[in-house]
Number of protein chains: 2
Amino acid sequence: MPKQPVSSTMADIARACGVSIQTVSAVVNDRAGISDETRRRVRAVMQELDYQPNQHARTLRGYRNPMIGVIIPSITNPFFPELVRGVEDVARRSGHGLFLCNDDYEEQKALDYLGFIRANHASGLIAAPGIMESSPEIERQILALARRNVPIVLFGEHRQGMPVTSIMVDARAAVLATAQHLLDLGHRRIGIIAPPEGMIVSRERISDFQTAFATLGRPLDPALIVPGGFDMECGSRGAEQLMAMDDAPTAIIAANDLAAMGAIAWLQGNGRRVPDDVSVVGYDDIPFARVFQPSITTVSQPLYDMGAAAMTALIEQLAAGPSEPASDRNVWLAATLMARQSTGPCRQQPAETGQRPGKKRKTARIEEMPETPREETRDLEDNPP
Amino acid sequence: MPKQPVSSTMADIARACGVSIQTVSAVVNDRAGISDETRRRVRAVMQELDYQPNQHARTLRGYRNPMIGVIIPSITNPFFPELVRGVEDVARRSGHGLFLCNDDYEEQKALDYLGFIRANHASGLIAAPGIMESSPEIERQILALARRNVPIVLFGEHRQGMPVTSIMVDARAAVLATAQHLLDLGHRRIGIIAPPEGMIVSRERISDFQTAFATLGRPLDPALIVPGGFDMECGSRGAEQLMAMDDAPTAIIAANDLAAMGAIAWLQGNGRRVPDDVSVVGYDDIPFARVFQPSITTVSQPLYDMGAAAMTALIEQLAAGPSEPASDRNVWLAATLMARQSTGPCRQQPAETGQRPGKKRKTARIEEMPETPREETRDLEDNPP
DNA sequence: TTGTACGCGTTATCAC
DNA sequence: GTGATAACGCGTACAA
């Protein structure tokens with residue numbers, strides 16, 4: 001294997017300058033004890049020979065490898081690009097690179113990548129929601145990394161006592177606002193297309209809505225919660241199931257935006273207008289929720305900020321060193337309601353007796369909430385050739 | 001800096017087994033000359049101590065670093081996730097990891113990342129369209145890498161004699177099919193919202209359409225080509241400009257799908273129905289082109305396959321070694337027309353005399369084209385919490 | 001079959 | 001201020 005030198009080395013510089021290797025090292029690392037003249041000359045030769053420090057030698061010598069492993073299910077899932085961008089922008093500012101890993105929720109891929117991350121002595125690991133729940137072996141590997149003082153940041157899991165940092169989103173206020181929004185529009189029969197079973201975030205997502213509607217004095221009808229999932233197909237099936245009911249809901253809350261889009265597609269394909277006949281609410285606020293027609297009313301998660309917060313927390317942990325307890329450094333962000341076109345006034349007569357749509361009534365705790373749905377301004381930009 | 005061992009080393013294994021280090025090395029690398037008994041024992045201890053070879057030591061020793069740099073403008077641009085996934089799936093199968101770099105078309109970021117890639121001795125580089133045109137310094141750096149026998153794969157640039165491989169998409173047949181499609185629908189006045197100026201791919205995209213319509217005996221009216229770009233905003237402005245014309249076009253070809261969405265949004269917001277009043281054609285076939293309403297008729301680029309082809313070509317080059325000429329290994333893929341709902345029959349009376357919409361006429365070379373727009377089946381899946 | 005010696009490029013700790 | 005020496009973990013000649 002005839003290896004070609006991919007870069008000149010310190011030895012090359014030293015030889016060309018007529019100085020010793022560690023003089024060059026001192027210049028590269030801006031250490032004191034070098035005459036200005038020498039420093040200048042070394043710098044010039046470095047420039048000329050296009051010198052680039054060998055990261056492997058550095059890492060081997062004991063320095064951190066400025067590389068962060070990022071494990072997500074798949075970058076083609078519209079939820080993740082924004083998240084990854086948040087991570088990357090912060091990472092770049094601190095001189096870190098990203099090692100991107102798509103595991104497709106497959107244990108073997110995740111384990112392969114965890115091995116890769118370890119083999120490359122990445123300085124840290126950021127992983128998507130649900131990874132700890134996906135397999136005991138994965139959890140074991142991640143905890144082993146943590147025990148070796150590799151900072152770990154996860155999304156949405158806040159089990160106590162774990163040596164990992166979690167980025168949490170408090171959606172309760174936004175969910176309450178969403179419930180209020182639907183009630184204000186006159187909806188009384190409200191269906192839910194549930195997230196997939198078995199994940200912590202799924203359970204939280206449903207219970208947040210149940211709590212919110214209960215708080216507002218209009219508890220959800222459990223019969224209107226149908227099993228679903230996070231893709232469009234699940235949304236379609238869920239809508240079909242809900243609309244087949246004797247007393248079909250006038251509003252549907254979907255597991256996420258994709259499911260909402262699937263639901264809307266099914267409704268439109270089956271003679272229902274959105275929002276005229278049925279209102280639909282999504283979750284996440286992926287970029288296309290705003291572009292979809294009708295644009296989707298949704299519980300907006302600050303995806304970019306979540307990514308940025310994750311990397312920021314990671315850097316802090318890196319700086320703090322292994323002494324710190326590492327747990328309970330969790331970061332909380334807030335979700336917000338984005339009211340758009342997929343929700344509108346309920347035009348059906350309420351089946352139940354009671355207040356009529358539009359009639360003013362007491363608003364429980366409404367003043368506590370981020371009331372004004374701020375429309376996001378960040379744009380989809382620059383699609384290349 | 002008290003460095004904690006992130007993994008056990010060969011020395012640890014050797015000590016625990018009571019053998020020498022390179023016996024362990026021989027076992028790890030499956031070399032001959034080790035007794036089955038020893039091999040078994042070493043393997044067991046490796047398992048137990050959770051040994052992971054140190055990639056930095058290996059690379060330093062002279063092995064390749066199984067890591068590929070991928071530079072794209074931004075992963076939040078819906079064009080790129082599919083592309084990156086194609087790269088990654090092939091990379092994983094050959095044991096390579098991806099080093100993801102978003103440069104936002106900014107020279108400094110690209111240069112920083114190129115330095116990072118070089119410092120980490122990545123085995124190869126895959127970069128997005130247009131990178132070589134973006135700055136002379138970037139081009140210099142990339143060519144320097146190539147000269148050091150780091151395989152480079154780019155998209156859409158096939159300058160002769162460059163030591164880089166290009167992944168090319170031949171869109172001519174698909175563009176001809178698109179032209180035929182619009183003419184068949186009866187459109188005669190056809191506007192174009194142009195891609196941004198200055199990129200090779202942009203010029204090609206326009207000239208392909210000009211050639212196609214000329215081939216079919218209906219050359220495009222240059223007055224109907226307005227400046228545009230790759231985002232929705234450009235699409236909106238372009239549509240506005242076109243519809244303000246005295247004799248506005250009945251069909252619009254946008255620079256890409258995002259521009260098409262922008263155009264459609266403007267049209268709908270200004271009293272035109274799509275496709276009833278105006279037909280719109282996109283380019284790229286990003287995942288949401290299929291979901292958008294109306295779904296977008298578009299020249300579909302095989303994004304995933306392009307990524308996969310890029311990584312495949314890279315691996316071949318890696319295997320071939322530096323001896324090969326490296327140029328003219330370009331890979332050609334074909335675009336296809338995806339006819340969807342954003343195009344429909346022209347309902348306006350043709351301003352010019354001539355054939356009437358729907359009337360059968362000679363179809364030039366139509367049989368050469370991929371006639372049946374195969375609808376893609378791959379789905380957007382699994383949006384997580 | 002197994003052990004010894006050396007070098008990859010870098011940095012840190014020493015003397016000079 | 002500058003130059004030699006050791007060490008990081010691994011792989012490969014070579015010798016035993």
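Chain identifiers are assigned alphabetically (A, B, ...) following the order of the sequence lines, protein sequences preceding nucleic acid strands; residue numbering begins at 1 within each chain. What you see below is based on every heavy atom in this structure, not just the backbone, and it leaves out hydrogens, waters and symmetry mates.
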Novice: Whole angstrom is fine here: how far is it from NE2 in B:His121 over to P in D:dC10?
Specialist: 19 Å
Novice: If we ignore angles and hydrogens, is there a donor and acceptor under 3.5 Å between the side chains of B:Glu316 and B:Thr312?
Specialist: no
Novice: Provide, to the nearest angstrom, the distance between the CG atom belonging to B:Asp36 and the P atom belonging to C:dT1.
Specialist: 9 Å
Novice: Closer than 3.5 angstrom, by distance alone: can the side chain of B:Asp12 be matched with the main-chain N or O of B:Thr9 as a donor-acceptor pair?
Specialist: yes
Novice: How many whole angstroms separate atom CZ of B:Arg15 from atom P of C:dT2?
Specialist: 19 Å
Novice: If you apply the rule salt bridge (charged side-chain N to carboxylate O under 4.0 Å, His left out), what do you find for A:Arg85 with A:Glu88, and how did you get there?
Specialist: CA-CA 5 Å; A:Arg85 253 336 274 280; A:Glu88 200 224 4; 3.3 Å; yes
Novice: Among all residues two or more places apart in sequence or in another chain, which pass the side-chain hydrogen bond (donor to acceptor under 3.5 Å, both in side chains) test with B:Gln52?
Specialist: none
Novice: Applying side-chain hydrogen bond (donor to acceptor under 3.5 Å, both in side chains), can you list everything that pairs with B:Arg41, at least two apart in sequence or on another chain?
Specialist: none
Novice: By salt bridge (Lys or Arg N to Asp or Glu O under 4.0 Å), which residues pair with B:Arg40, not counting sequence neighbours?
Specialist: B:Glu37
Novice: Could you list the residues that satisfy side-chain hydrogen bond (donor to acceptor under 3.5 Å, both in side chains) with B:Asp112, not counting sequence neighbours?
Specialist: B:Gln108
Novice: For C:dT2, take OP1 and OP2 only and decide whether either is under 4.0 Å from a side-chain N or O of B:Thr38.
Specialist: yes
Novice: Pick the closest DNA chain C nucleotide for B:Thr23 and for A:Asn54 by heavy atoms, then say which residue is nearer the 5' end.
Specialist: B:Thr23
Novice: Give the rounded distance in Å between these two atoms: CG of B:Leu60 and P of C:dG7.
Specialist: 14 Å
Novice: Generate the contact string for nucleotides 11-16 of chain C. Rules: B means base contact, S means sugar-phosphate contact only, - means no protein heavy atom under 4.0 Å.
Specialist: BB----
Novice: At a heavy-atom distance below 4.0 Å, what parts of residues 40-50 of chain A sit against DNA chain D?
Specialist: none
Novice: Using atom NE2 of B:His56 as one end and atom C1' of C:dG7 as the other, report the distance to the nearest whole Å.
Specialist: 19 Å
Novice: Could you walk me through whether A:Arg43 and A:Asp30 pass salt bridge (charged side-chain N to carboxylate O under 4.0 Å, His left out), step by step?
Specialist: CA-CA 11 Å; A:Arg43 286 247 168 75; A:Asp30 276 328; 2.9 Å; yes
Novice: Please state how far atom CD1 in B:Ile13 lies from atom P in D:dG9, giving the value in whole angstrom units.
Specialist: 13 Å
Novice: Mind listing the closest non-hydrogen atom pair of A:Asn120 and A:Asn65 along with its distance?
Specialist: O-ND2, 2.8 Å
Novice: Rounding to an integer number of Å, can you tell me how far B:Asn65 CG sits from D:dG9 P?
Specialist: 18 Å
